[in-house]
Amino acid sequence: MSVSAPTLSIVIPIYNEAGLLEELWDRLRVALDPLGLHWEVIFIDDGSRDETWSVLERLARADSRIRALGLSRNFGHQIAISAGLEWARGDAVVIMDGDLQDPPELIPEFVRRWQEGYEVVYAVRARREASALKRLAYRAFYRLLARMAEVDIPLDAGDFGLMDRRVVEVLRRMPERNRFVRGLRSWAGFRQIGLPYARPARARGRSKYSWRRLFRLALDGLVAFSTVPLRLATWMGFFVSGVSFVGIVLYLYRYFTTPRVPGFTTLIIALLFLGGIQLITIGIIGEYIGRIYDEVKQRPLYVVARTLNLDRPRQGGLT
Ligand code: UDP
Ligand code: MG
């Protein structure tokens with residue numbers, strides 16, 4: 001096992017991708033070896049239930065540049081990345097998906113930009129292979145996030161990118177459990193540059209992000225980087241109060257001028273409308289409170305069950 005710290009660490013979260021690992025490893029080697037750098041790959045097996053770990057074991061035996069972290073269960077993509085960041089030792093760290101949607105061939109360009117002096121180089125999805133509905137949802141989300149977020153989060157940029165050690169240290173010192181990594185990276189600042197690329201479809205298997213998980217990720221991002229939804233609740237409150245006030249004046253006027261039985265329909269409409277607004281508002285507040293609850297519990301972010309070619313326990317997770 002090599003002990004000297006590598007120049008470049010590649011962090012790759014893996015969840016049930018056994019069939020892809022060999023091809024991924026081959027393409028990584030072809031892309032990285034010509035750079036003449038000392039590099040390592042850290043696979044984070046995020047509680048896979050297929051052959052992923054045994055394939056990793058085989059690969060890691062053959063090449064000590066392969067390191068792996070086996071989490072004790074499925075903790076989710078963003079947490080798996082965060083675990084990888086804690087164990088990566090490189091002067092620069094690349095984050096990429098393991099399904100070949102993030103082509104390894106882009107990494108040399110990242111490294112070039114890093115050597116030019118950029119602390120963060122991220123890939124921007126100029127085009128993406130996905131269903132029309134998903135493309136629309138992604139587009140809408142990144143634009144909404146850009147409008148609402150308190151930091152500038154670039155449009156259509158995922159986690160695929162390179163970060164200098166200094167930026168990695170900033171991310172590692174962020175204690176939050178709700179980890180929207182691409183947002184945290186923007187928050188860190190430094191010199192950042194985006195490189196456009198066409199995002200291919202995944203090489204094999206199915207996306208691990210169902211609509212439900214995508215929606216949760218989107219909500220995590222919005223809530224972590226914006227309090228606009230809370231303000232929205234306040235504005236809704238003002239709006240409804242304003243409308244109600246006008247309504248009250250109108251009804252009082254009618255009561256004194258043309259006395260008759262008050263309208264049942266009006267009553268029902270007002271009741272349902274108010275009920276709806278109140279539930280939405282409580283829901284918005286709930287999203288924030290739920291996350292506050294997650295933070296105060298102060299549980300470790302992840303639990304490591306086993307490692308390959310790695311022996312240094314790190315903070316943040318339980319080992
Ligand atoms: N992944 C993970 N844990 C999860 C879900 C996904 O480690 O709970 C990994 C997955 O194996 C892949 C990467 O994260 O390497 C991105 O996932 P996926 O391709 O399913 O997401 P999409 O590209 O559809 O957004
Ligand atoms: Mg993918």
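When a residue number appears, it is its place in the shown sequence, counting from 1. Both counts, for ligands and for their atoms, begin at 1 and track the order of listing. Excluded from the calculations below are hydrogen atoms, water molecules and symmetry mates; all remaining heavy atoms, backbone and side chain alike, are included.
Residue R199 places a heavy atom less than 4.0 Å from ligand 1.
Between R73 and D46 there is no salt bridge, since no side-chain N of the basic residue sits under 4.0 Å from a carboxylate O of the acidic one.
Shown here are the protein N/O/S atoms lying under 2.8 Å from the Mg ion (ligand 2), water excluded: D99 OD2, Q101 OE1.
Remark: among candidates G98, G158, S207, S48, the nearest residue to atom 15 (O) of ligand 1 is G98, based on non-hydrogen atoms.
Listed by number with element, the atoms of ligand 1 under 4.0 angstrom from any heavy atom of Y138 are 25 (O). Of all the atoms in ligand 1, the ones that sit under 4.0 Å from a non-hydrogen atom of Q101 are 19 (O), 22 (P), 23 (O). The contact set between ligand 1 and N74, taken as ligand atoms under 4.0 Å from a residue heavy atom, comprises 3 (N), 4 (C), 8 (O).
Protein heavy atom nearest atom 18 (P) of ligand 1, with residue, atom name and distance: R202 NH2, 3.4 Å. Nearest protein heavy-atom contact of atom 21 (O) of ligand 1 is Y209 CD1, 3.1 Å. Nearest protein heavy-atom contact of atom 5 (C) of ligand 1 is K208 CB, 3.5 Å. Protein heavy atom nearest atom 12 (C) of ligand 1, with residue, atom name and distance: E17 OE2, 3.6 Å.
Using cut-offs of 30° and 60° for the angle between ring planes, the W25 and W39 rings count as tilted.
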